[in-house]
There are 2 protein chains.
Amino acid sequence: MAGIKDVAREAGVSASTVSYVLSGKRSISAKTTDKVMAAVEKLGYTPDASARKMRGMRNQIIALSAPIRGDINQARYNAYFLRTAWAARNAGYDVMLLTGPDAVKDIRRVTQSNLADGIVLLDVEQDDERAAQSGTFSKPCVAIGYPSSHAGCACVDIDFALMGRKAVDFLYEKGHRTIVFLRNNESDYNRHSGYVVIFRESLLAHAKELGMTVIESEHYEADSFDAQHFVSTVFAHPDRPTAIINQANASVLSQVLMALHNAGMSIPQDVSVLSCGTYFEGEPTRFPITEMPVMPEELCAEAMNLLVSAIEEHTDIKGSVELIEPALKRRGSVAEAGSGGTI
Amino acid sequence: MAGIKDVAREAGVSASTVSYVLSGKRSISAKTTDKVMAAVEKLGYTPDASARKMRGMRNQIIALSAPIRGDINQARYNAYFLRTAWAARNAGYDVMLLTGPDAVKDIRRVTQSNLADGIVLLDVEQDDERAAQSGTFSKPCVAIGYPSSHAGCACVDIDFALMGRKAVDFLYEKGHRTIVFLRNNESDYNRHSGYVVIFRESLLAHAKELGMTVIESEHYEADSFDAQHFVSTVFAHPDRPTAIINQANASVLSQVLMALHNAGMSIPQDVSVLSCGTYFEGEPTRFPITEMPVMPEELCAEAMNLLVSAIEEHTDIKGSVELIEPALKRRGSVAEAGSGGTI
DNA sequence: TTGTATGCGTTATCAA
DNA sequence: TTGATAACGCATACAA
């Protein structure tokens with residue numbers, strides 16, 4: 001393990017000169033620079049991260065808190081892991097994964113020991129312990145989500161209340177008056193996963209305002225959804241619905257699409273489908289579905305912006321809230337009610 | 001940021017006494033211990049990670065290399081992320097995520113700077129650059145997978161060649177003679193993802209030995225799979241197949257199951273289904289499917305065992321290969337050919 | 001049983 | 001333009 005002294009000896013200069021050559025904080029003669037760089041190359045020198053942090057420098061590490069709660073299948077958080085890691089790396093940071101069930105303990109461990117320079121909170125619940133405690137963390141903290149108690153951290157989220165209204169408006173303008181709401185699996189509502197609840201309530205409230213009829217799917221647990229049953233039940237309704245707003249995952253929706261197909265219903269000619277709060281980018285779906293997706297890329301990038309500015313410029317981000325306007329990805333699964341034209 | 005000196009002052013003892021109280025490497029009077037612990041509590045003291053590493057201690061960090069390659073949807077690696085993090089934490093380590101496209105560069109950065117104490121390689125290809133270079137890494141390395149060039153690291157993987165044979169034997173013993181092989185999407189074969197290729201070849205070879213007929217599904221890309229077409233094509237074969245071995249993901253398989261159902265075929269009465277190299281634990285599938293799954297939990301735990309023993313006891317793990325015997329999860333989707341009994 | 005002194009590898013300050 | 005040196009916070013060898 002070659003250190004700065006070894007490089008200095010090899011190059012025939014002092015250790016501080018090597019440091020300055022590498023940092024560029026002092027003008028160094030071309031000749032010295034060459035000698036030093038040659039020695040660095042030869043010895044494969046890389047500064048020791050701990051030693052440099054001892055001198056007050058940062059560690060360039062962001063902690064990503066994604067606690068495993070019970071038996072929840074967290075596959076959908078993968079996009080956030082990867083996007084956070086990507087955004088962090090672009091800003092010169094590495095990402096450390098904190099998945100222990102006692103998230104606050106994990107966060108304290110890595111912040112108090114000065115391992116991490118900042119924290120990103122994932123899978124934020126309405127009533128989130130981490131966000132509530134964030135004021136006492138010794139490093140800046142950003143939540144991807146919108147917990148009720150958030151005075152100690154910044155929040156970045158999609159405006160799911162707005163998404164609910166936009167989804168309803170979108171269908172209403174196309175002439176739809178009776179629609180189906182395909183719920184997520186129950187466990188997500190039970191654990192008060194913030195956005196799942198907010199979107200649903202906003203959707204139902206706004207539909208009511210407009211006088212629309214919303215038929216909600218029955219409750220189901222992750223592995224017990226029966227698409228055939230869902231389709232036959234829902235379309236037996238006296239006011240035959242003309243559209244589906246989906247909040248369930250790709251697997252459940254795939255089954256519904258297949259069931260619709262089997263029941264002889266075409267999309268969007270016979271029924272429009274709009275999926276909200278999902279993320280089908282790159283998913284192998286048989287039919288492309290118009291979507292107001294969650295936006296891991298945008299959220300993680302913005303969260304990282306805030307965090308880095310708090311870390312590097314000591315910007316005060318505590319309590320700030322940034323709600324991103326939901327986007328609509330048109331993929332042709334929504335049409336005028338009763339018509340055959342696609343949108 | 002309270003340091004060890006602050007604690008010492010608060011407790012009215014010397015810094016070394018505080019250190020010894022915390023490490024327990026010296027016998028300390030109960031009175032002193034109490035005073036020190038009280039001060040630690042009061043000031044919320046946590047030793048600085050960098051400073052302690054300067055003293056030759058470890059950083060307790062494992063780097064997890066999972067490079068993003070092109071547009072591949074890596075959702076299936078989520079289980080490995082979580083299992084690795086879990087196993088690491090049990091051993092007292094945190095996990096750092098390395099997802100940059102230049103994986104070797106990332107690994108060198110965190111190992112040469114002494115940030116990480118060891119490396120786990122994920123998403124290992126047949127011809128893996130990281131594994132090939134692992135001999136030159138300055139920290140121990142374990143690959144979850146079985147790359148051809150692996151002299152510098154330990155390998156932990158499922159024995160996919162054995163899995164191929166076991167899958168075939170299992171169906172053969174049940175009387176199946178003509179079977180369908182449902183391929184994974186093409187991109188996985190194209191990028192020479194090790195296990196996907198090995199399993200398929202072993203399966204085909206062993207089926208040939210036994211004189212079985214294997215009908216392979218057509219090639220498809222992730223978003224263009226047509227289950228109806230697949231079912232109608234495959235079961236139009238003169239020797240009507242009695243079983244399906246699946247290597248595709250949950251979404252594709254779901255569609256096939258639905259299509260079979262629509263075609264009036266019951267599982268396992270009319271057709272047996274065995275899924276291999278997949279992982280449906282906790283997946284919301286309409287029909288439970290007998291499976292020889294990948295085993296993230298076992299693989300990650302074993303990888304971590306090896307890595308920790310290399311880190312902490314300097315065990316030489318270079319070049320070692322550990323192939324785990326595939327397990328069979330019976331979920332009732334396989335029966336005797338032509339009978340109605342489930343297994 | 002406890003305290004003092006040293007050094008880990010850097011970077012910043014001061015001196016040349 | 002460069003070199004010597006102090007200091008960062010901790011763990012340990014040594015001294016008491």
Please list each protein N or O that sits under 3.5 Å from an N or O in nucleotides 7-9 of chain C, with the distance.
{"unit_1": "C:dG7", "atom_1": "N2", "unit_2": "B:Arg55", "atom_2": "NE", "d": "3.1"}
{"unit_1": "C:dG7", "atom_1": "N2", "unit_2": "B:Arg55", "atom_2": "NH1", "d": "2.6"}
{"unit_1": "C:dG7", "atom_1": "N3", "unit_2": "B:Arg55", "atom_2": "NH1", "d": "2.9"}
{"unit_1": "C:dC8", "atom_1": "O2", "unit_2": "B:Met54", "atom_2": "O", "d": "3.4"}
{"unit_1": "C:dG9", "atom_1": "N2", "unit_2": "A:Ala51", "atom_2": "O", "d": "3.4"}

Fill in the blank from the handout: Sorted by chain and number, sequence neighbours left out, side chain to side chain donor-acceptor pair (under 3.5 Å) with A:Ser309 holds for A:Thr315
Practice task
For B:Ser16, report the nucleic acid contact type (base, sugar-phosphate, nothing); a contact means any heavy atom under 4.0 Å.
Solution key: base
Exercise for the section: Nearest whole angstrom, please: distance from the C1' of D:dG9 to the CG of A:Asn59. Expected result: 14 Å
Fill in the blank from the handout: OH (B:Tyr146) and CG (B:Leu323) are apart, to the nearest 0.5 Å, by 6.0 Å
Problem - Separation of atom CZ in B:Arg58 from atom C1' in D:dA11, rounded to whole Å - result: 14 Å
Handout entry: Side-chain touch B:Phe81/A:Thr99, heavy atoms, less than 4.5 angstrom
Key = no
Problem - Nearest-angstrom distance from the residue atom NZ of B:Lys53 to C1' of C:dT10 - result: 11 Å
Handout entry: Side-chain N or O of B:Lys25 closer than 4.0 Å to phosphate OP1/OP2 of D:dT12
Key = yes
Practice task
Report yes if some heavy atom in the side chain of B:Ile107 is under 4.5 Å from a heavy atom in the side chain of B:Leu121; otherwise report no.
Solution key: yes
Problem - Rounded distance (Å) that lies between atom C1' of D:dC8 and atom CE of A:Met57 - result: 12 Å
Handout entry: Under 3.5 Å donor-acceptor pair, A:Arg26 side-chain atoms to D:dT1 base atoms
Key = no
Handout entry: Touch class at under 4.0 angstrom, heavy-atom based, for A:Thr32 against every strand present
Key = sugar-phosphate
Exercise for the section: Nearest whole angstrom, please: distance from the C1' of D:dC10 to the CZ of B:Arg9. Expected result: 16 Å
Problem - Contact residues, residues 33-43 of chain A to DNA chain D [heavy atom, < 4.0 Å] - result: none
Completion exercise
A:Thr17 has its side chain closest, among D:dT2, C:dG3, C:dT13, to D:dT2
Exercise for the section: Indicate yes or no: at least one non-hydrogen side-chain atom of A:Ile61 is less than 4.5 angstrom from one of B:Leu115. Expected result: yes
Exercise for the section: Flag the pair A:Asn114 / A:Lys139 as yes when at least one side-chain heavy-atom distance between them is below 4.5 Å, and no otherwise. Expected result: yes
